[in-house]
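What follows is a short report on a single structure.
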Amino acid sequence: MGKPATSALSAAATDKWEIQVRKGCLELAVLACLWDRPLYGLEVLRKLEADSDLIITEGTVYPLFSRLKAEGLVESEWVEGESGHPRKYYRLSQTGRRRVRAMAAAWSRLSHSMDRLLKPLSKVER
Amino acid sequence: MSNNEETLAAIEQYLKRLRKSLSHLRETDTADILQELRSHILERLESEAGSSGGISAILASLGTPEEMASEYVTENILTAAASSRSPWMIMKGVFRLASVSLAGFAVLVGSLMGYLVGLPLLLMALAKPFIPDHVGLWIQTVTMPHSLFFGISIEALQGRDLLGWWIVPLGLIVGLGTILLVLKFDLWCIRRYQRQLADLKLIAVTV
């Protein structure tokens, strides 16, 4: 009677937590996509989908780029595509490169600490 | 061939609705947004050619033009607020927050209350040197029973000026202090909201 309800509740709570954690990574993920070469919006969406499991919508990624540009972290330029229609490419600015390196370092520190903390959990028997 | 025309018409129809909802933005920004989205849709059309659903499925996955425009407008207003430092722009940002989130609404109410306290105090401090008998915390001895007055009076006040000239530093410090606190808090809330991307629709991947 009580058990199924509570497990459903805790599953929902875990999902909510996970969504919050993913939100926190999004800016780092998007900036990191641009590290090697400039990309346009759809390429970033696809790269995120392929290399991570951060699936976001265009309604999110384009306004995000707009903000990153306003903050001076990325720059954009229109490039004529072979397909006939121009594409807006985004690339990291100098500030952007510094920022993403700092964020990546912080992320690395955090994830190593968490790994240490979570080690005991992997020893738990089923 | 009419299929192609229909597709292009559907795209332009979508973009037209989007343009309408983006009317608050500058024309250059709007044109840029529309061009980027058009390019995006066409690209998806090419790469997803052959999949069932076609253009309507793609447009559906974008969400309604109104929803998308709302994201852009929010981003635009909040970015302007966070970078401009002008109280007017910040207030615009808070109003936008209030319209998109419940917590934002609480921030708006709190800010207005802060201004309601801070602005009169500041005004009193500035007015005192010019109309000293009209400003301050006074016990009016003319009325029976005596009444207490705190503020700026149209008629000259009679009785005891309890604070005297202390209202000037008090009003300046507390008044300005409160206003600056409200602005700082508003900026913090705006930046925090931007970081959270509260309207993010993340699809949790189930393993």
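A note on names: the letters A, B, ... follow the listed sequences, proteins ahead of strands, and every chain is numbered from 1.
By the 4.5 Å heavy-atom criterion applied to side chains, A:R46 and B:S47 are counted as neighbours. Annotation: side chain of B:Q35 is in contact with side chain of A:P86 (closest heavy-atom distance under 4.5 Å). Counting heavy atoms from C-beta outward, A:H85 and B:H40 have side chains that stay 4.5 Å or more apart. Inter-residue side-chain proximity for B:E75 and A:Y62 is flagged as unmet; no heavy-atom pair is nearer than 4.5 Å.
Using a 4.5 Å cut-off between heavy atoms, B:S83 does not touch chain A at all. The parts of B:R44 that come within reach of chain A are both its backbone and its side chain, each placing non-hydrogen atoms under 4.5 angstrom from that chain. If you measure heavy-atom distances from B:D32 to chain A, the contacts under 4.5 Å come from both the backbone and the side chain. Proximity to chain A (any heavy atom under 4.5 Å) is shown, for B:I33, by neither the backbone nor the side chain.
The environment of B:F149 atom CZ is dense: over 12 non-hydrogen atoms of other residues, nucleotides or ligands sit within 6.0 angstrom. Atom CG of A:L118 has more than 12 neighbouring heavy atoms from other residues, nucleotides or ligands inside a 6.0 Å radius. Counting non-hydrogen atoms of neighbouring residues, nucleotides and ligands closer than 6.0 angstrom, the CD atom of B:E27 exceeds 12 such neighbours. The environment of CH2 in B:W166 is sparse: at most 12 heavy-atom neighbours from other residues, nucleotides or ligands sit within 6.0 Å.
Separation of atoms CD (B:E71) and OG1 (A:T57) is listed at 6.5 Å; rounding is to 0.5 Å. A distance of 9.5 Å separates CZ in A:R67 from CG in B:L78, rounded to the nearest 0.5 Å.
Taking B:L42, B:D29, B:L37 one by one and counting their heavy-atom pairs under 4.5 Å with chain A, the maximum is reached by B:L42.
Counting only N and O atoms by type, the side chains of B:E43 and A:Y40 include a donor and acceptor under 3.5 Å apart.
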Decide yes or no on side-chain contact (heavy atoms from CB on, under 4.5 Å) for B:M68 and A:E58, but give the supporting numbers first. CA-CA 8 Å; B:M68 180 160 292; A:E58 28 278 283; 4.2 Å; yes

